[in-house]
Amino acid sequence: MFEAKLQQGGLLKKILESVKDLVVDGLWDCDGAAITLQGMDSSHVALVEMLLRAEAFEHYRCDRNVTLGMNHNHLSKILKCANNDDIVILKAADQNPDSCSLILESKNGEKTSDFVVSLVRIDTDQLGIPETEYSAHVKMSSGEFQRICRDLSQFGDAVQITCSKQDVKFSSSGETGKANITLTHSATVDKEEESVTVDLKEPVDLTFALRFLNLFTKATPISDTVTLSLSQEAPLVVEYKIGDSGHIRYFLAPKIQE
Amino acid sequence: SKRQITLSRFFKLP
């Protein structure tokens, strides 16, 4: 039997909002330590990896490893019935389950809703994501990053990200004209979620499709900060921590000069 | 203009 009880149902709502527009069906791998989800968009340009450790749950029981093929639209419909402060319980048999139960308990205990969602067969294999030493890490406000991606998509469909020692520049151009947004490395890190820290090993200059970045920033409500990791010959990584018990990591392949 | 490449260049598709 797999059973996991989350005190703050709102977190699961946010996680679904973060993945459902990028990956319709995803494999939720549940083992004794954590729930991990990995899925690629249909064009294989972007990948999302979500990890939520057992410690995030009020109660977590996983007698045998089980993989739940979830349709994220169905799951999202159920979670739309949940309030942020509802308790959410996920339950599934651990011998090739064909469905998963979700129970929502209102905070005052007066309302209990239970749903059963059919699991889907997904035959995508898990990708091997190599450990990479990145040339640059940019940590910044997640709201700021969402704003930059939204504003720049008015000017073009791609953003060029260039990192130097002192700053990170986001540029986009199209028929409207050219836009550059430069963030300077914050000298003083007084309020972490408002400062920008650039950790640079060597300069990077990469271009990415804004359409995907604007899908990634749906995870903004999950964390005040976001970390971008960049290297010339590697996909961009956009990471949102889930408190200290997990993360949502997006990987995006760059656009390259012909 | 620049061409979008896929992740299969970077991550081994098993």
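Here the structure is a predicted model, which is why all the values come from computation and not from measurement. Lettering of chains follows the sequences in order, A, B, ..., and the numbering in each one begins at 1.
- Residues of residues 23-38 of chain A placed with any heavy atom under 4.5 Å of a heavy atom in chain B are absent; none qualify.
- For Phe251(A) and Phe10(B), the ring centers sit 6.0 Å or farther from each other.
- Taking every heavy atom of both residues into account, Leu119(A) and Pro97(A) meet most closely at CD1-O, 3.5 Å.
- Contact detail for Ser229(A) and His137(A): the closest heavy-atom pair is OG-ND1, 3.0 Å.
- When all heavy atoms of Val45(A) and Ile5(B) are compared, the pair lying nearest together is CG2-O, 3.9 Å.
- Ala46(A) and Leu252(A) get closest at one heavy-atom pair: CB-CD1, 4.2 Å.
- Applying a 4.5 Å heavy-atom cutoff, the residues of residues 201-221 of chain A that approach chain B are Thr207(A), Ala209(A).
- In this model, a donor atom of one side chain and an acceptor atom of the other lie less than 3.5 Å apart for Asp167(A) and Ser164(A).
- Within a 6.0 Å sphere centred on CZ of Arg147(A), other residues, nucleotides and ligands contribute 12 heavy atoms or fewer.
- Of residues 234-243 of chain A, those residues with a non-hydrogen atom less than 4.5 Å from any non-hydrogen atom of chain B are, in numerical order, Ala234(A), Pro235(A).
- Among Leu90(A), Val66(A), Leu75(A), the one residue that satisfies the side chain to side chain contact (heavy atoms under 4.5 Å, CB included) test with Cys100(A) is Leu90(A).
- With a 4.5 angstrom heavy-atom cutoff, Thr132(A) does not touch chain B via any of its atoms.
- Taking each heavy atom of Ser141(A) and Val226(A) in turn, the nearest pair found is O-CG1, 4.1 Å.
- Interface remark: of the candidates Pro254(A), Ser43(A), Ala158(A), Pro254(A) forms the most heavy-atom pairs closer than 4.5 Å to chain B.
- Of all heavy-atom pairs between Ser153(A) and Cys149(A), the closest is OG-O, 2.8 Å.
- Counted by atom type alone, Ser142(A) and Ser223(A) present zero donor-acceptor pairs between their side chains at under 3.5 Å.
- With sequence neighbours left out, Arg64(A) forms a salt bridge (charged side-chain N to carboxylate O under 4.0 Å, His left out) with no residue at all.
- In this structure, Glu233(A) places its CD atom where only 12 or fewer heavy-atom neighbours from other residues, nucleotides or ligands lie under 6.0 Å away.
- When the shell of 6.0 Å around CG of Asp63(A) is examined, it contains more than 12 heavy atoms from other residues, nucleotides or ligands.
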